[in-house]
Amino acid sequence: MKTQSDTITHIDQDALKRAFADVTVWIFDLDNTLYPAHSGVTEALEARMNAYVARVCGLSSADATQLRQHYFVTYGTTLRGLQLHHQVD
């Protein structure tokens, strides 16, 4: 099954900033409260996180997945590991 993250090749960061300039609140559905598990939201989110980690760290998809899991277990979030070890803000 092809996901939306598979088809996105370029994101215009300036356009995104303009489009979301007035957004003051974000709601993340991390436990399938808003969307059912079969909707694919969680899988799409994980695919996008893996792609980001792979790009930032220069890793293969498999290595990015392992690093994400390591950072999650070690620091509680992948982001914290990226902040500490890869200068991600």
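Count residues from 1 along the sequence.
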Pairwise distance [atom1]([X]) to [atom2]([Y]) - rounded to 0.5 angstrom:
| X | Y | atom1 | atom2 | answer |
| --- | --- | --- | --- | --- |
| Tyr71 | Thr78 | OH | OG1 | 9.5 Å |
| Arg80 | His85 | CZ | NE2 | 9.0 Å |
| Leu45 | Arg48 | CG | CZ | 9.5 Å |

Can you list the residues that meet the side chain to side chain contact (heavy atoms under 4.5 Å, CB included) rule with [X], with sequence neighbours excluded?
| X | value |
| --- | --- |
| Glu46 | Thr42, Met49, Arg68 |
| Val88 | Tyr52, Val56, Leu79, Leu82, His86 |
| Ala15 | Asp12, Arg18 |
| Tyr35 | Asp29, Ser39, Val41 |

Legend entry - side-chain contact (heavy atoms from CB on, under 4.5 Å) evaluation trace for Tyr75 with Leu84: CA-CA 10 Å; Tyr75 302 110; Leu84 291 172; 3.4 Å; yes
Inset, instruction - Quick one: list whatever passes side chain to side chain donor-acceptor pair (under 3.5 Å) with Thr65, sequence neighbours left out. - result: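 Counting only residues at least two positions away or on another chain, Thr65 forms a side chain to side chain donor-acceptor pair (under 3.5 Å) with Asn50.
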Legend entry - Partners passing side chain to side chain donor-acceptor pair (under 3.5 Å) against Thr33 (at least two apart in sequence or in another chain):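 Scan of Thr33 (side chain to side chain donor-acceptor pair (under 3.5 Å), adjacent residues dropped) gives Asp31.
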Inset, instruction - Treating Ile, Leu, Val, Met, Phe, Trp and Tyr as nodes and any side-chain heavy-atom pair under 4.5 angstrom as an edge, say whether Leu16 and Val23 lie in one connected cluster. - result: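 Yes, it is one cluster - the side chains of Leu16 and Val23 are joined through contacts under 4.5 Å.
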Inset, instruction - Kindly give the heavy-atom pair with the smallest separation between Ala54 and Ser60, and that separation in Å. - result: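 Heavy atoms only, the tightest pair is CB-O, 4.2 Å.
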